[in-house]
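Let me begin by presenting the structure, written as structure tokens, before commenting on it.
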Amino acid sequence: MRYVAAIDQGTTSSRCILFDREGKIAGVAQREHDQIFPKPGWVEHDPETLWRNTEFVLGAVLDEAGITAADIAAVGVTNQRETTVVWERDTGRPVHNAIVWQDTRTDRLCTELAGTSGAARYAERTGLPLSTYFSGPKVRWILDTVPGARERAEAGELCFGTVDSWLLWKLTGRHITDVTNASRTLLMDLRALAWDERICAEIGVPIAILPEIRSSSEIYAEIGAGPLAGVPVAGILGDQQAAMFGQACLAPGEAKNTYGTGNFMLLNTGTTPVFSEHGLLTTVCYRLGEQPPVYALEGSIAVTGALVQWFRDNLGIISAAAEIEDLARTVDDNGGAYIVPAFSGLFAPRWRPDARGVIAGLTRFVTKAHLARAILESTAFQTREVMDAMRADAEARSLDLEATALKVDGGMVENDLLMQFQADILDLPVVRPQVNETTALGAAYAAGLAVGYWSGTDDIRANWTADKTWTPTMSAAERDSRLGDWNKAVERTYNWAD
Ligand SMILES: Nc1ncnc2c1ncn2[C@@H]1O[C@H](COP(=O)(O)OP(=O)(O)OP(=O)(O)O)[C@@H](O)[C@H]1O
Ligand SMILES: [Mg+2]
């Protein structure tokens with residue numbers, strides 16, 4: 001067996017990537033899908049398209065590499081998290097489009113559920129604030145909205161799953177999920193790693209529609225049909241947890257930051273869950289086989305790369321994401337403009353569902369090039385806020401946060417200007433690994449470990465190598481002044497949505 005295959009079903013595209021024993025890429029196939037925006041604040045995907053594209057990239061990557069299923073030791077699945085699919089158990093037909101993690105349609109529902117206890121009502125048991133971000137309220141919305149859905153759910157005729165579950169169902173006919181994805185639903189007890197019946201009842205999600213919760217690395221089932229028929233699926237990890245694995249953040253204190261549609265910084269906290277006092281989430285990082293689970297603190301930022309896409313698609317100022325760097329380089333700074341992309345409210349560390357996006361500091365001087373800079377800078381500023389929260393939590397818990405450099409990955413880290421600005425604003429070196437597809441790599445590792453393709457996590461550490469490091473050069477005075485302006489801009493996003 002020469003390779004392990006990873007399916008990476010993301011927010012914007014589906015990928016299949018082949019990895020060899022050194023963790024090097026041996027083949028890639030990718031296909032984008034449409035983002036469906038039915039109303040302001042609503043974001044959907046067509047689940048059948050997600051599956052069709054996944055099937056397509058599976059076949060395409062084998063063709064590209066000139067290999068067959070016999071060359072693949074195992075398949076790992078990683079996915080956009082929280083995005084919610086409900087389908088018919090009999091026919092496999094979705095009863096509604098997938099409601100994407102960025103979707104804010106459940107905001108009123110979340111406020112109602114919070115009641116007098118506030119957004120932290122379930123935080124102690126789930127590690128999460130009540131937010132539109134998570135799956136539980138999205139399931140409730142579908143069951144409340146689709147005619148007959150609640151009765152059918154209670155009768156066991158419907159299945160709920162995050163995208164991992166949906167793909168596993170299509171690939172193997174099993175209705176399962178892993179601990180990392182389950183930890184993003186607001187329905188799982190973080191310590192017991194089981195559905196919390198009381199919370200499920202209060203949010204209004206019948207137990208009968210929930211998948212079985214399994215570990216992140218074990219043989220679940222063989223693929224039933226298609227180009228990979230007979231190959232075992234042996235790893236499932238939510239995309240950000242997979243990136244932790246791909247970055248070899250396998251010991252307490254190790255952290256990474258992924259720059260994709262949004263940004264997600266995770267800090268490994270070991271086998272006990274640590275609860276944040278600074279706006280971070282507590283989540284399952286991974287569980288290997290029967291070993292104890294490993295937990296993480298997470299700072300989730302909803303909009304980073306998505307703002308670059310907005311600049312491209314909604315404003316039409318650039319025609320490809322990478323062009324933003326050339327445009328931004330035509331000016332020396334942001335010209336006084338700050339963009340705060342609170343498109344889905346603000347996630348970590350502020351958690352402000354009432355916030356909406358602003359461009360602050362506009363004068364006649366500001367050009368599209370300054371805006372391009374402001375867009376890239378907003379990613380760096382938001383990351384700095386999350387990093388400050390991580391540091392504060394780590395300090396309060398005497399966790400030894402590895403503070404020599406920040407490991408980064410994802411589509412945006414190809415942007416040299418952004419990465420230099422990031423190092424400057426963090427006042428910390430930023431380091432990119434040779435294999436930047438850490439999400440897919442992590443899913444491959446989880447699957448490969450379960451079937452013995454890799455012998456243990458030492459192999460993963462040995463495979464990690466640095467590619468490029470950016471070191472800070474900005475003066476403290478300039479950094480402080482910019483952070484001050486950024487803060488003023490963020491405050492102007494508050495109290496917009498009712
Ligand atoms: N050179 C670049 N400069 C700035 N942003 C970029 C650049 N290249 C890609 N991006 C942004 O990075 C994001 C894509 O990164 P990546 O493929 O890691 O995203 P992702 O979040 O994994 O996608 P998915 O959500 O599908 O998983 C897009 O939002 C895109 O706008
Ligand atoms: Mg991704």
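Counting starts at 1 for both ligands and their atoms, in listed order.
In terms of protein heavy-atom proximity, atom 1 (N) of ligand 1 is closest to Ala322 CA, 3.4 Å. Nearest non-hydrogen protein atom to atom 12 (O) of ligand 1 is Met412 CG, 3.6 Å. Annotation: atom 24 (P) of ligand 1 to nearest protein heavy atom, Thr11 N, 3.1 Å. Nearest non-hydrogen protein atom to atom 27 (O) of ligand 1 is Gly10 CA, 3.2 Å. What sits closest to atom 19 (O) of ligand 1 on the protein, heavy atoms only, is Gly260 CA, 3.4 Å.
The ligand atoms of ligand 1 that sit less than 4.0 angstrom from a heavy atom of Ser13 are 26 (O). Each of the atoms 28 (C), 29 (O), 31 (O) of ligand 1 lies under 4.0 Å from some heavy atom of Gln309. Annotation for ligand 1: atoms under 4.0 Å from non-hydrogen atoms of Gly410 are 18 (O). Taking a cut-off of under 4.0 Å to the non-hydrogen atoms of Ala306, the atoms of ligand 1 that pass are 29 (O).
Here the closest non-hydrogen pair linking Thr439 and Ala243 is OG1-CB, 3.9 Å. Between Ala443 and Ala242 the shortest heavy-atom distance is N-CB, 4.0 Å. Pairing each heavy atom of Thr438 with each of Pro433, the nearest pair is CG2-CG, 4.2 Å.
For Gly262, no nitrogen or oxygen atom sits less than 3.5 Å from a nitrogen or oxygen atom of ligand 1, counting backbone and side chain alike. Taking only nitrogen or oxygen atoms, main chain and side chain alike, Asn415 reaches within less than 3.5 Å of ligand 1. Between Gly411 and ligand 1, an N or O atom pair is found at a separation short of 3.5 Å. For the pair Thr12 and ligand 1, the shortest N or O to N or O distance falls below 3.5 Å.
Among Tyr286, Trp454, Tyr453, the single residue meeting the ring-ring contact (aromatic ring centres under 6.0 Å, His included) criterion with Tyr445 is Trp454.
Here Arg482 does not pair with Asp485 in a salt bridge; the nearest charged N to carboxylate O distance is not below 4.0 Å.
With contacts defined as side-chain heavy-atom distances shorter than 4.5 Å, the pair Lys407/Asp409 does not qualify.
In this structure a side-chain-to-backbone donor-acceptor pair under 3.5 Å is present from Gln420 to Thr471. No donor-acceptor distance shorter than 3.5 angstrom exists from the side chain of Thr162 to the backbone of Thr84, with no hydrogens or angles considered.
The closest non-hydrogen atom to atom 17 (O) of ligand 1, taken over Arg15, His33, Gln9, comes from Arg15.
Ring pair Phe381/Trp486 is parallel by interplanar angle, where below 30° counts as parallel and above 60° as perpendicular.
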